[in-house]
Amino acid sequence: MRLVGEDGQQIGITLLPDALDMARDAGLDLVEVADKANPPVCRIMDYGKYKYEAAQRAKESRRNSTNIIVKEMKYRPKIGPGDFGTKTRKVRSFLEEGYKVKVTIMFRGREVQHPELGRRILDDISDEVEDVAKVEVYPRLDGRNMVMVLGPVKMKKKPRKPTAREARQAAEEPAATDTAN
């Protein structure tokens with residue numbers, strides 16, 4: 001097998017018993033890295049430390065990932081101007097917070113025979129929020145509902161709030177410099 005040392009340097013091709021003895025002498029583990037290679041590649045490393053660091057990297061990547069939440073706002077074709085304004089302001093606030101918004105026009109009874117009324121409302125909504133949103137899914141009739149999805153326009157990221165530890169460290173630093181003077 002091809003052996004790689006704990007510091008990453010190539011040791012060369014060795015026999016399995018010799019590689020195991022080298023790993024035991026170093027107090028580390030012999031880990032097979034590439035079993036498909038010819039000859040297979042093994043590495044001398046602390047496997048517990050490797051697994052711990054891999055788990056920490058996975059945890060950090062999960063923390064940095066974003067999960068997208070879709071908010072929904074429902075309208076009716078016969079909505080009044082006051083209700084339209086209130087609901088549209090709420091849609092705007094959702095978009096400014098970074099959420100996607102699914103806008104649904106619900107048709108009842110014979111209203112479904114006039115989809116142009118729903119389309120007009122959806123067009124009015126997209127015109128009202130065009131500075132903070134873009135249409136991701138254009139209006140389409142889905143049974144008795146007409147649906148449109150709005151997504152927030154990419155804006156500058158807000159600075160994140162410091163963690164409790166960072167806040168304590170920031171509070172301690174000025175105090176340390178004041179006592180030194």
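- Within the model, atoms CG of Leu15 and CG of Leu20 stand 11.0 Å from one another, a figure rounded to the nearest 0.5 Å.
- Met73 and Val70 fall into different hydrophobic clusters, defined by Ile, Leu, Val, Met, Phe, Trp and Tyr side-chain heavy atoms under 4.5 Å apart, directly or through other members.
- Inter-residue side-chain proximity for Lys100 and Pro152 is flagged as met; some heavy-atom pair is nearer than 4.5 Å.
- Clustering ILVMFWY residues whenever any of their side-chain heavy atoms sit less than 4.5 angstrom apart, transitively, puts Val33 in a cluster other than the one holding Tyr52.
- Side-chain atoms of Glu111 come within 3.5 Å of backbone atoms of Arg108 as a donor-acceptor pair (strictly under, hydrogens ignored).
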Item to complete: Could you check Gln10 against Arg2 for side chain to side chain contact (heavy atoms under 4.5 Å, CB included), going step by step and ending with a plain yes or no?
Response: CA-CA 8 Å; Gln10 296 281 337; Arg2 184 173 305 278; 3.6 Å; yes
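- Other residues, nucleotides and ligands contribute more than 12 heavy atoms inside 6.0 Å of the NZ atom of Lys87.
- A 4.5 Å side-chain heavy-atom check between Pro40 and Glu32 finds at least one atom pair inside the cut-off.
- Arg92 contributes a side-chain N or O that, together with a main-chain N or O of Glu128, makes up a donor-acceptor pair within less than 3.5 Å.
- Shown here is Lys90, whose NZ atom has no more than 12 heavy atoms of other residues, nucleotides or ligands within 6.0 Å.
- Ile44 has its side chain within reach of Met22: a pair of non-hydrogen atoms, C-beta onward, lies under 4.5 Å apart.
- The heavy-atom pair separating Asp29 from Gly48 by the smallest distance is OD2-N, 4.3 Å.
- The distance from atom CD of Glu53 to atom CD of Gln56, rounded to the nearest 0.5 Å, is 9.0 Å.
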Item to complete: Check step by step if salt bridge (charged side-chain N to carboxylate O under 4.0 Å, His left out) holds for Arg119 and Glu116.
Response: CA-CA 5 Å; Arg119 179 64 187 236; Glu116 69 278 357; over 6 Å; no
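- For the pair Met148 and Pro139, the tightest heavy-atom approach, listed with the atom from each and the gap, is SD-CG, 3.9 Å.
- Residues Phe107 and Gly118 share a closest heavy-atom pair of CZ-CA, 3.9 Å.
- Residues Glu72 and Thr104 are in side-chain contact: their nearest non-hydrogen atoms beyond the backbone lie under 4.5 Å apart.
- In this structure, Ser61 contributes its side chain and Ala58 its backbone to a donor-acceptor pair below 3.5 Å.
- By the neighbour-count criterion of 12 heavy atoms within 6.0 Å, atom CZ of Arg76 is densely surrounded, having more than that number from other residues, nucleotides or ligands.
- Here the closest non-hydrogen pair linking Val135 and Tyr138 is CG1-CD2, 3.6 Å.
- Rounding to the nearest 0.5 Å gives a distance of 6.0 Å between CG of Leu28 and CG of Asp46.
- Here the shortest heavy-atom pairing between Gly109 and Arg144 reads O-NH1, 3.2 Å.
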Practice prompt. Could you go through the salt bridge (charged side-chain N to carboxylate O under 4.0 Å, His left out) check for Arg120 and Asp123 one step at a time?
Written response: CA-CA 5 Å; Arg120 191 176 315 139; Asp123 289 341; over 6 Å; no
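- Under the 4.5 Å side-chain heavy-atom criterion for Ile, Leu, Val, Met, Phe, Trp and Tyr, Phe94 and Val147 are members of distinct hydrophobic clusters.
- Interatomic distance, CG of Leu16 versus CG of Leu30, reported as 6.5 Å (0.5 Å rounding).
- Between Val4 and Val41, the closest side-chain pair of non-hydrogen atoms falls below 4.5 Å.
- Counting heavy atoms from C-beta on, the side chains of Ile121 and Ile79 come closer than 4.5 Å.
- Between Phe84 and Tyr75, the ring-plane angle classifies as tilted under the 30° and 60° cut-offs.
- In this structure, Met1 and Ala19 approach most closely via the heavy-atom pair SD-CB, 4.2 Å.
- Separation of atoms CE (Met45) and CD (Glu6) is listed at 10.5 Å; rounding is to 0.5 Å.
- The shortest side-chain heavy-atom distance between Leu150 and Leu95 falls under the 4.5 Å cut-off.
- Going from atom CG of Leu122 over to atom CZ of Arg140 covers 11.5 Å, rounded to the nearest 0.5 Å.
- Cluster annotation: Leu117 is not connected to Met146 through the hydrophobic network of ILVMFWY side chains, with a link wherever side-chain heavy atoms come within less than 4.5 Å.
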